[in-house]
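This report refers to the structure that appears directly beneath it.
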Amino acid sequence: MPLDKQRADAIASRRSVHVRRTAFTDAPCPVARSLDQIGDWWSLLIIRDALEGVRRFSEFQKHLGLARNILSARLAKLVSHGILRLQPASDGSAYQEYALTEKGESLRLVMYALHQWGGDFLFPQDEEPPPLVEKNTGERVARLEMTLADGRVLRPSEVTVLKPEPANGS
């Protein structure tokens with residue numbers, strides 16, 4: 001068999017294999033449960049765009065350059081998880097648009113934490129990442145930090161997750 005044919009057959013067989021994704025809906029870890037709903041890059045980019053005011057399918061497609069079937073599946077998943085909702089278009093047209101729910105809007109802090117992390121570690125020193133600013137004044141937003149109730153700033157290494165005690169009889 002010619003090498004090109006072997007390579008094409010190998011690629012086709014890899015594409016036909018369906019990898020089952022593990023569901024984390026009942027995982028004891030909040031991070032795992034979160035990833036179950038928003039854990040792929042397209043979903044996060046859709047949420048990012050929705051936070052910036054993108055509402056219509058065609059706008060998401062234009063911003064992301066994503067195939068219609070993939071975009072449709074990701075939007076449907078975000079709607080089914082209560083992160084986005086479909087509503088009549090705000091311009092009164094026959095179209096529908098996607099709006100963030102309270103659950104979706106609350107991801108803003110998560111997205112800004114990712115923005116801050118990406119700016120810290122994924123840009124060369126000669127490239128300035130876009131800053132986070134207050135909408136009305138353009139004033140730069142302070143860095144996100146973890147603090148105690150008394151206001152003391154904590155280093156990430158000073159924070160841990162309190163693991164629940166195992167249930168009796170385990």
Side-chain angles (χ1 to χ4, degrees), residues 19 21-149 151 153-161:
V19 177
R21 191 177 72 76
T22 302
F24 295 114
T25 53
D26 296 324
C29 174
V31 173
R33 288 187 186 193
S34 299
L35 291 174
D36 201 53
Q37 294 193 5
I38 60 166
D40 68 85
W41 66 68
W42 289 124
S43 293
L44 289 172
L45 293 173
I46 289 167
I47 293 164
R48 177 204 62 190
D49 283 1
L51 288 166
E52 293 298 317
V54 175
R55 297 284 176 260
R56 294 213 176 155
F57 186 96
S58 60
E59 293 174 318
F60 284 113
Q61 190 174 28
K62 180 181 175 186
H63 283 230
L64 298 170
L66 186 56
R68 293 179 63 82
N69 61 327
I70 295 172
L71 177 58
S72 181
R74 293 311 186 282
L75 287 167
K77 180 181 175 185
L78 292 169
V79 169
S80 74
H81 287 305
I83 294 165
L84 293 173
R85 70 174 174 275
L86 266 173
Q87 63 185 28
S90 55
D91 64 3
S93 68
Y95 293 101
Q96 288 191 308
E97 58 188 26
Y98 295 89
L100 288 161
T101 62
E102 181 181 350
K103 183 178 179 180
E105 181 63 39
S106 68
L107 285 165
R108 189 177 295 275
L109 188 60
V110 173
M111 298 303 287
Y112 290 163
L114 280 172
H115 180 101
Q116 182 174 302
W117 180 83
D120 288 350
F121 296 105
L122 305 178
F123 282 72
Q125 286 192 346
D126 63 340
E127 184 181 358
E128 183 73 25
L132 293 173
V133 298
E134 200 274 334
K135 285 182 183 180
N136 295 322
T137 66
E139 184 179 349
R140 282 183 179 247
V141 174
R143 290 187 60 76
L144 298 172
E145 298 178 307
M146 292 181 281
T147 60
L148 288 173
V153 175
L154 298 170
R155 292 188 317 271
S157 63
E158 295 178 292
V159 178
T160 191
V161 175

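- Note: R74 CZ to W41 CH2 = 9.0 Å, rounded to the nearest 0.5 Å.
- A heavy-atom distance below 4.5 Å is found between the side chains of E105 and L51.
- Although no hydrogens or angles enter the test, the distance criterion places no donor-acceptor pair under 3.5 Å between the side chain of R140 and the main chain of L132.
- Between F57 and Q96, every side-chain heavy-atom pair lies at or beyond the 4.5 Å cut-off.
- Proximity of Y98 to V79: side-chain heavy atoms (C-beta onward) are separated by under 4.5 Å at one or more points.
- Between D49 and H63, the closest heavy-atom pair is OD2-CB, 3.2 Å.
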### Task
Under the side-chain contact (heavy atoms from CB on, under 4.5 Å) rule, what do F60 and I46 come out as? Steps first, then yes or no, please.
CA-CA 7 Å; F60 284 113; I46 289 167; 3.8 Å; yes
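- Here K103 contributes atom NZ and H81 contributes atom NE2; the two are 7.0 Å apart, rounded to the nearest 0.5 Å.
- Using a 4.5 Å cut-off on side-chain heavy atoms (C-beta onward), S93 and R56 make contact.
- Put simply, CG on L71 and OG on S58 are 9.5 Å apart, with the number rounded to the nearest 0.5 Å.
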Sequence neighbours excluded and cut-off under 3.5 Å, please list the side-chain donor-acceptor pairs for residues 112-123, or say none.
unit_1 : atom_1 : unit_2 : atom_2 : d
Y112   : OH     : R108   : NH1    : 3.0
H115   : NE2    : P130   : O      : 2.7
Q116   : OE1    : L144   : N      : 2.8
Q116   : NE2    : L144   : O      : 3.3
D120   : OD1    : R143   : NH1    : 3.2
D120   : OD2    : R143   : NH2    : 2.6

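- In this structure, CG in L64 is found 11.0 Å from CD1 in I70, a value given to the nearest 0.5 Å.
- Residue-environment remark: CD (E102) stays at or below the threshold of 12 foreign heavy atoms within 6.0 Å.
- With sequence neighbours excluded, the residues that form a side chain to side chain donor-acceptor pair (under 3.5 Å) with T137 are E134.
- For I38 against L44, the heavy-atom pair with the smallest separation is O-CG, 3.4 Å.
- A distance of 11.5 Å separates CD1 in I83 from CG in L75, rounded to the nearest 0.5 Å.
- The side-chain heavy atoms of T147 and L154, taken from C-beta on, include no pair separated by under 4.5 Å.
- Residue E139 places its CD atom among 12 or fewer non-hydrogen atoms of other residues, nucleotides or ligands, all under 6.0 Å distant.
- Residue K77 comes nearest to D40 through the heavy atom pair NZ-OD2, 4.1 Å, listed as atom of the first residue, atom of the second, then distance.
- Nearest heavy-atom pair across E158 and V153 is OE1-O, 4.3 Å.
- Note: T101 OG1 to Q87 CD = 11.0 Å, rounded to the nearest 0.5 Å.
- Heavy atoms of other residues, nucleotides or ligands lying less than 6.0 angstrom from NZ of K62 number 12 at most.
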